[in-house]
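A short worksheet on the structure shown next.
Position 1 is the first residue of the sequence; numbering continues from there. Bear in mind the structure is a predicted one, so any value in this text is a computation, not a measurement.
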Amino acid sequence: MTGSLRHKLEDVLSGIGPLAVAVSGGVDSLTLAALSHRVLGTGAAMVHAASPAVPGEATARVRSEAAREGWSLTVVEAGEFADPRYRANPVNRCFFCKTNLYGTVRTVTDLPIVSGANLNDLGEYRPGLDAAREHGVRHPYVEAGLDKAAVRALARELGLADVAELPSAPCLSSRVETGLRIEPGTLAFIHAVEGMVGGALGVGDASRSVRCRVRAAGVVIELDAASLAALHDFAREDLAARIAAVAPAGLASNGIRFQPYRVGSAFLTGDAA
């Protein structure tokens with residue numbers, strides 16, 4: 001990342017002054033938290049919302065980074081599972097998720113809230129950004145002109161090599177087809193399957209992708225091209241059997257399919273995916 005971009009980002013953070021970073025446990029928010037702490041010191045507070053939609057290792061990663069970097073960290077329950085609008089999984093589910101998130105963060109701090117949204121996020125349908133706007137949340141990466149590649153480069157500059165290589169990992173609810181109710185048991189299944197498949201294929205860097213999609217038509221495992229090509233027939237049969245064995249009742253009744261990874265393929269606007 002160019003020095004000018006980092007300086008612009010540091011200027012944005014300094015201009016906001018004392019702030020609270022909503023830290024999910026992914027590369028964007030962890031990197032923002034690290035730089036905010038280095039720029040503002042005790043003026044940067046971190047808030048992490050735990051939820052059935054957030055993998056346990058993400059919460060553990062936030063706690064670990066906070067201890068290592070000396071952050072002020074508050075962990076709260078996001079509360080979105082008490083919202084029937086979120087549980088119904090409509091097209092704008094993310095709006096209700098982020099509404100609950102930012103509302104919860106506001107109960108523990110009166111500081112300005114900042115998020116790890118970057119320029120790449122602006123090119124996708126992100127109803128969560130509408131919720132952020134309603135809650136006055138600012139996006140320092142966007143204001144300073146950083147995209148995902150620049151965020152990863154910044155993470156490396158800050159000595160966060162492991163964080164820089166984290167694969168993109170939207171919340172687990174994003175794997176459930178629009179219109180299917182969000183259930184904690186389904187999300188636990190999705191998380192377990194992605195770990196099982198990723199472990200079997202040795203997937204773990206930013207260039208590889210594993211998604212367990214739960215659809216009305218059944219369970220689909222989406223893989224990046226290299227991983228899909230490496231998955232021979234015998235391995236597919238073995239993985240499919242292991243996945244079916246841990247699936248909640250009825251979820252895998254239509255079998256397990258393997259397909260190429262497509263961003264947001266569980267998100268439907270009326271057409272079949």
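A salt bridge links Glu222 with Arg215; the closest basic N to acidic carboxylate O contact falls under 4.0 Å. In summary, Glu165 and Arg156 engage in a salt bridge, as defined by a charged side-chain N under 4.0 Å from a carboxylate O. Under the 4.0 Å criterion applied to side-chain N and carboxylate O atoms, Arg6 and Glu157 are assigned as salt-bridge partners. Salt-bridge annotation for Glu143 and Arg138: present, with a side-chain N of the basic residue lying under 4.0 Å from a carboxylate O of the acidic one.
Between the side chain of Arg257 and the backbone N or O of Gly218, no donor-acceptor pair lies under 3.5 Å. In terms of modelled atom types and a separation under 3.5 Å, the side chain of Ser174 and the main chain of Cys171 share a donor-acceptor contact. Without hydrogens or angle criteria, Asp224 side chain to Pro260 main chain gives no donor-acceptor distance under 3.5 Å. A donor-acceptor contact shorter than 3.5 Å links the side chain of Ser29 to the backbone of Ser24. In this structure, the side chain of Asn118 does not engage the main chain of Leu146 through any donor-acceptor pair within 3.5 Å.
Linking Ile, Leu, Val, Met, Phe, Trp and Tyr whenever their side-chain heavy atoms come within less than 4.5 Å leaves Val21 and Val105 in two separate clusters. Taking hydrophobic clusters as Ile, Leu, Val, Met, Phe, Trp and Tyr residues chained together by side-chain heavy-atom distances below 4.5 Å, Val210 does not share a cluster with Val220. When hydrophobic clusters are built by joining Ile, Leu, Val, Met, Phe, Trp and Tyr residues whose side-chain heavy atoms come closer than 4.5 Å, directly or via intermediates, Met196 is grouped together with Phe189. The same ILVMFWY cluster, assembled from side-chain heavy atoms under 4.5 Å apart, contains both Ile243 and Leu251. Put simply, Val54 and Leu166 are part of two different groups of oily side chains (I, L, V, M, F, W, Y) that touch within less than 4.5 Å, one to the next.
For the residue pair Ala164 and Ala155, the shortest heavy atom distance occurs at CB-CB, 3.7 Å. Considering all non-hydrogen atoms of both residues, Pro52 and Leu172 come closest at O-CD1, 3.8 Å.
Here side chain to side chain donor-acceptor pair (under 3.5 Å) pairs that include residues 11-21, with residues two or more places apart or in two chains, number zero. Note on residues 87-111: pairs passing salt bridge (charged side-chain N to carboxylate O under 4.0 Å, His left out), not counting sequence neighbours, are Arg87-Glu183.
Contact annotation: the side chain of Arg61 approaches that of Leu30 to within less than 4.5 Å [non-hydrogen atoms, C-beta and beyond]. Using a 4.5 Å cut-off on side-chain heavy atoms (C-beta onward), Arg213 and Tyr261 make contact. Inter-residue side-chain proximity for Ile190 and Leu187 is flagged as met; some heavy-atom pair is nearer than 4.5 Å. Using a 4.5 Å cut-off on side-chain heavy atoms (C-beta onward), Ile221 and Ile256 make contact. When side chains are defined from C-beta on, Val163 counts as touching Thr31, because their heavy atoms get closer than 4.5 Å.
To the nearest 0.5 Å, atoms NE2 (His139) and CG (Asp28) are separated by 12.0 Å. Summarising the geometry, atom CG belonging to Leu158 is positioned 10.5 Å from atom CG belonging to Leu32; distances are rounded to the nearest 0.5 Å. How far OH of Tyr102 is from SG of Cys97: 9.0 Å, rounded to the nearest 0.5 Å. Put simply, CD1 on Ile16 and CG on Leu40 are 8.5 Å apart, with the number rounded to the nearest 0.5 Å. Thr186 OG1 to Arg181 CZ: the interatomic distance, rounded to the nearest 0.5 Å, is 10.0 Å. Put simply, CG on Asp147 and CG on Leu5 are 8.5 Å apart, with the number rounded to the nearest 0.5 Å.
Leu119 shares a hydrophobic cluster with Leu122, Leu129, Val142; the chain of contacts runs through ILVMFWY side chains whose heavy atoms sit under 4.5 Å apart.
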Between Val27 and Arg152, is the side chain to side chain contact (heavy atoms under 4.5 Å, CB included) condition met? List the steps.
CA-CA 7 Å; Val27 57; Arg152 291 191 187 280; 4.1 Å; yes
Could you check Tyr86 against Thr99 for side-chain hydrogen bond (donor to acceptor under 3.5 Å, both in side chains), going step by step and ending with a plain yes or no?
CA-CA 10 Å; Tyr86 169 84; Thr99 293; over 6 Å; no
Determine, step by step, whether Thr59 and His48 satisfy the side-chain hydrogen bond (donor to acceptor under 3.5 Å, both in side chains) criterion, reporting the C-alpha distance in whole Å, the side-chain angles of both residues, the deciding distance to 0.1 Å, and the verdict.
CA-CA 7 Å; Thr59 297; His48 173 73; 2.8 Å; yes
Step by step, would you call Ser209 with Leu223 a side chain to side chain contact (heavy atoms under 4.5 Å, CB included)?
CA-CA 5 Å; Ser209 298; Leu223 300 170; over 6 Å; no
Steps toward side-chain hydrogen bond (donor to acceptor under 3.5 Å, both in side chains) verdict (Glu77, Thr104)
CA-CA 8 Å; Glu77 291 295 326; Thr104 299; over 6 Å; no
Full working for side-chain hydrogen bond (donor to acceptor under 3.5 Å, both in side chains) between Glu237 and His232:
CA-CA 9 Å; Glu237 293 174 6; His232 302 298; over 6 Å; no
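No side-chain N or O of Tyr141 forms a donor-acceptor pair with one of Ser115 less than 3.5 Å apart. With 3.5 Å as the limit, one finds no donor-acceptor pair spanning the side chains of His37 and Glu65.
Annotation: Asp130, atom CG; neighbour count of heavy atoms from other residues, nucleotides and ligands within 6.0 Å is above 12.
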